[in-house]
Participant: 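Structure below; questions to follow.
Just so we're clear, the structure is a prediction, and the values are computed from it rather than from any experiment.
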Amino acid sequence: MSTGNVAINADYSWDAGERARLLQSPSVDMAPQPRRLAGGTSPAGAVFIVVNAALGAGLLNFPAAFSAAGGVTAGISLQLVLLVFIISGLVILAYCADACSERTYQEVVRGVCGRTAGVICELLIAVYTFGTCIAFFIIIGDQLEKLLSAIMHISEASSIPWYADRKFTISLTGFLFVLPLSLPREISVQKYASFLSVLGTCYVTIIVLVRCIWRSSDNPSNDMPPSPSSWLAVFNAVPTICFGFQCHVSSVPVYGSLQHQDIKRWGYIVTVAMFIALCVYTGTGQDLH
């Protein structure tokens, strides 16, 4: 009899998960409980990281997007409609991260869609990250060049010292600021840098609004069109707005680093973050100079 039992059990390959489900008592509460991590990211820190991930080079294109959409009112309406899908996507990603028990975007794609999709996603993220870094370094180089020229009173005809050359300033900025922020494995360490970045972006937004309210003779008004020129122009504004709110790759690590990993709490966090981004984009989108 024992020999028969051994033979039957030997023909069946037991899975560890099936053993756990069979041994689990039916009286155990199966309702999902929010996971708590010691020393994780607070909700306020998560808001700033998500906002910082969303705000980027797309900020420069919002004046043209608002103009194509047909003005500030049409631009805000278009943003609100798209935010419904953007916030829903962020919440769905967090749900998938919980289901797969993963903490990065590419790992979630691998767990939900399979290994091939995961590899393709990793390659696309590498290309996307490389292109984003190039765009930001160009912007940093342009701003540092103007700043140093104003401080050192360098004219366009005069030669630029080696320490003010954009190649040197971009390399120095990358090694001193970008590289240290990229080395830590936990994204929670970026909450302080994200807070400063959001404050800087809000400062730019306030300056734009002040310029729009108090216009001078040297800064003539360039009013937005009262309506879009065509439906094609409105559709052309959609990719710009979607790109401006693109933070889905960073959202999964942020959710994985939360002190209290709960879908409902995450929904509140991304809603507040997207509202802040909406206010910033709406303010800067009015600058048509």
Side-chain angles (χ1 to χ4, degrees), residues 41 45-66 68-69 75-97 102-109 112-113 117-118 120-140 178 181-182 187 190-191 193-194 197-198 200-202 204-205 234-257 266-285:
T41 307
V47 167
F48 285 115
I49 295 176
V50 173
V51 173
N52 187 44
L55 299 177
L59 189 69
L60 305 175
N61 298 323
F62 262 74
F66 272 41
I76 295 176
S77 302
L78 186 58
Q79 287 184 91
L80 291 176
V81 172
L82 294 175
L83 277 179
V84 175
F85 300 97
I86 294 171
I87 294 175
S88 300
L90 294 172
V91 174
I92 292 173
L93 278 175
Y95 177 83
C96 294
E102 302 291 355
R103 299 184 64 182
T104 63
Y105 184 88
Q106 57 268 29
E107 289 173 351
V108 171
V109 173
V112 175
C113 303
I120 296 175
C121 180
E122 290 176 355
L123 295 175
L124 293 177
I125 289 177
V127 175
Y128 163 78
T129 306
F130 177 77
T132 303
C133 289
I134 295 299
F136 277 113
F137 276 129
I138 292 175
I139 295 174
I140 291 173
V178 179
L181 291 174
S182 304
I187 199 172
Q190 297 187 8
K191 55 187 176 183
S194 299
S197 177
V198 172
T201 308
C202 291
V204 174
T205 304
V234 176
F235 285 120
N236 288 336
V238 171
T240 301
I241 295 177
C242 290
F243 176 75
F245 289 96
Q246 201 288 121
C247 57
H248 296 69
V249 175
S250 304
S251 67
V252 178
V254 175
Y255 175 73
S257 68
W266 174 247
Y268 292 142
I269 289 173
V270 295
T271 301
V272 173
M274 293 300 101
F275 177 76
I276 296 175
L278 171 67
C279 294
V280 172
Y281 285 138
T282 301
T284 55

Participant: How close do Trp266 and Ser251 get, counting heavy atoms only, and between which atoms?
Facilitator: CH2-O, 3.5 Å
Participant: Nearest 0.5 angstrom please: Tyr105 OH to Leu124 CG, how far?
Facilitator: 9.5 Å
Participant: Measuring from atom CG of Leu278 to atom CD1 of Ile86, what distance do you get when rounded to the nearest 0.5 angstrom?
Facilitator: 10.0 Å
Participant: For Pro253, does its backbone N or O pair with a side-chain atom of Arg103 as donor and acceptor, under 3.5 Å?
Facilitator: no
Participant: Would you say Gln79 and Thr282 make side-chain contact, with heavy atoms under 4.5 Å?
Facilitator: yes
Participant: Could you tell me if Ser197 and Asn52 have a donor-acceptor pair between their side chains, going purely by distance under 3.5 Å?
Facilitator: yes
Participant: Measure from the side-chain N and O atoms of Tyr281 to the backbone N and O of Gly244, and report whether any donor-acceptor pair falls under 3.5 Å.
Facilitator: yes
Participant: Minimum heavy-atom separation for Val109 and Ala117, please, with both atom names.
Facilitator: CG1-O, 3.8 Å
Participant: Quick one: are Thr104 and Val249 in side-chain contact, heavy atoms under 4.5 Å?
Facilitator: no
Participant: State, to 0.1 Å, how close Ala69 and Leu78 come at their nearest heavy-atom pair, and which atoms those are.
Facilitator: CB-CD2, 4.4 Å
Participant: Would the distance check show the side chain of Ser182 and the main-chain N or O of Val178 forming a donor-acceptor pair, the cut-off being under 3.5 Å?
Facilitator: yes
Participant: Main chain of Val254, side chain of Ser257: is a donor-acceptor contact present, judged purely on distance under 3.5 Å?
Facilitator: yes
Participant: Which heavy atom of Pro63 sits nearest to which heavy atom of Thr284, and what is that distance?
Facilitator: CG-O, 3.4 Å
Participant: Can you find a heavy atom in the side chain of Thr129 that is under 4.5 Å from one in the side chain of Cys133?
Facilitator: yes
Participant: Are any side-chain N or O atoms of Gln246 and backbone N or O atoms of Ala54, one a donor and one an acceptor, separated by less than 3.5 Å?
Facilitator: no
Participant: Quick check for you: to the nearest 0.5 Å, what is the distance between Phe245 atom CZ and Leu55 atom CG?
Facilitator: 8.5 Å
Participant: How far apart are the closest heavy atoms of Lys191 and Ile49, and which atoms are they?
Facilitator: CA-CG1, 3.8 Å
Participant: Quick one: do Glu107 and Val252 satisfy side-chain contact (heavy atoms from CB on, under 4.5 Å)? Show the steps, please.
Facilitator: CA-CA 10 Å; Glu107 289 173 351; Val252 178; over 6 Å; no
Participant: If you measure from CG on Asn61 to CZ on Phe66, what distance do you get to the nearest 0.5 Å?
Facilitator: 12.5 Å
Participant: What heavy-atom pair brings Cys96 and Val112 nearest, and what distance separates the two atoms?
Facilitator: CB-CG2, 4.1 Å
Participant: Do the side chains of Ile241 and Phe62 get nearer than 4.5 Å, heavy atoms only?
Facilitator: yes
Participant: Just wondering, do Cys242 and Leu82 contact through their side chains at under 4.5 Å, heavy atoms?
Facilitator: yes
Participant: Let me see the working for Val272 and Ile276 under side-chain contact (heavy atoms from CB on, under 4.5 Å), right down to the final yes or no.
Facilitator: CA-CA 6 Å; Val272 173; Ile276 296 175; 4.2 Å; yes
Participant: Measuring from atom CZ of Phe85 to atom CG of Leu90, what distance do you get when rounded to the nearest 0.5 angstrom?
Facilitator: 13.5 Å
Participant: Are more than 12 heavy atoms from other residues, nucleotides or ligands located less than 6.0 Å from atom CZ of Phe235?
Facilitator: no
